[in-house]
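Some notes on the structure that comes next.
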Amino acid sequence: MVANEPASHEVLGAHKPGAGRYAPSPSGDLHLGNLRTALVAFLAARGTCRDFLLRIDDIDRARDKGFAERQLADLRRLGIVWELPVMKQSERDHAYYVALQTLCEQDRVYECVCSRKDILTAPTAPHAPPGAYPGICRTLSTAALQRAKAKIAPRLPALRLKVAASERQLCFTDLIKGRVCAPIDDFVLRRGDGVYAYNLATVVDDAAAGVDQVVRGDDLASSTPRQILLARLLNAPAPSYAHVPLVVNARGVRLAKRDGAVTLAQLREQGVGTAEVLQMLLLSLGMAADPLATDALKAAACDFAFHKLSRDPFVFKGF
Ligand code: GLU
């Protein structure tokens, strides 16, 4: 198979497909890069007869300063709609707890007292990527662990996944990028402050919601092997993955707030309407649908195919 062709399960077969989703973190207003990814997720789901779900990744509750509602409003303005209630990670601790227990029962979890500094200054295993956890706490004796835990109190130990030597690298076929391989270290499942980690939460939520098509930003592609491994251990079906190339500024740097008007609200202030933004985003995806038509996104969904998308970042040069 050519790497950028749709995988066979992307093509409608005898079974009704599950769902696609968009899962923003409510850490700010959505910028053009986020909106473009959301659009791809929506068109991909609609174009393959999937349900489209919206999830708010607010597991780190402190970060939501009312942004979630603004994000949902911006998505609706673009014509991105969903039927089912929005899933919120802040309401799903019990499901994460149950998944963690499943991993504990498989003897796959260990406590870790290491600080960021401990990890950065520890000798790394040969060929390990920078920042990979070298497994310091995995081999501590019970007595040494107890002493270390007493030292860090009242902070609690984090919980990490025991990754076997044979699982330390995993490859998958991305629907846009083709073959992607990334290393897997003993990554965190629950942080020392009790917050469940992104990788665990995402796998549990996608499985619970029947998501079988994950579309998200390219920056998360290297996390995907971890999630595929977790899904296997939790006996959850692995979804297909599509990582959308980022939007960058004229200097090739990932689009950010400092690049000026990059959110719908900012653009509106500059006289750029939502229809114009939608047209620009559709064009950036190689689609020439008329955004003023009431069914612009329906037409775009009909025309949508992952293999038509560019693998390169999209350079935003302004309106
Ligand atoms: N919440 C993540 C973000 O906004 C995306 C998570 C995902 O799609 O798996 O970057």
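This is a predicted model, so every value here is computed, not measured. Counting starts at 1 for both ligands and their atoms, following the listed order.
Using a cutoff of 4.0 Å between basic side-chain nitrogens and carboxylate oxygens, D118 and R116 are not scored as salt-bridged. Contact check on R155 versus D193 returns no salt bridge, with no Lys/Arg side-chain nitrogen under 4.0 Å from an Asp/Glu carboxylate oxygen. Under the 4.0 Å criterion applied to side-chain N and carboxylate O atoms, D186 and K162 are not assigned as salt-bridge partners. Between R55 and D206 there is a salt bridge, since a side-chain N of the basic residue sits under 4.0 Å from a carboxylate O of the acidic one.
Shown in contact with P24 at under 4.0 Å from a heavy atom are these atoms of ligand 1, numbered in order with element: 1 (N), 4 (O). Those atoms of ligand 1 that come under 4.0 Å of a heavy atom in T202, given as number and element, are 9 (O). Near R216, meaning under 4.0 Å from any of its heavy atoms, are these atoms of ligand 1: 7 (C), 8 (O), 9 (O). Of all atoms in ligand 1, listed by their number and element, those nearer than 4.0 Å to a heavy atom of D57 are 1 (N), 2 (C), 5 (C), 6 (C). With ligand atoms numbered from 1 in the order given, ligand 1 contributes 6 (C), 7 (C), 9 (O) to contacts under 4.0 Å with heavy atoms of Y198.
The side-chain heavy atoms of D218 and L246, taken from C-beta on, include a pair separated by under 4.5 Å. For the pair P245/D312, no side-chain contact is recorded, criterion being any heavy-atom separation below 4.5 Å from C-beta on.
Atom 3 (C) of ligand 1 has S25 OG, 3.6 Å as its closest protein atom, hydrogens excluded (heavy atom only). Remark: minimum distance from atom 2 (C) of ligand 1 to any protein heavy atom is reached at A23 O, 3.4 Å. Ranking protein heavy atoms by distance to atom 8 (O) of ligand 1, first place goes to R21 NH1, 2.5 Å. Scanning the protein heavy atoms around atom 10 (O) of ligand 1, the nearest turns out to be L220 CD1, 3.8 Å.
Residue V215 places no N or O, backbone or side chain, under 3.5 Å from any N or O of ligand 1. Of the polar atoms of R55, none of the N or O atoms is found under 3.5 Å from an N or O of ligand 1, judged by distance alone.
Distances from ligand 1 to the non-hydrogen atoms of G217 include no value under 4.0 Å.
The minimum heavy-atom distance linking Q227 with T202 is given by the pair OE1-CG2, 3.1 Å.
For F306 and F304, the distance between ring centers is under 6.0 angstrom.
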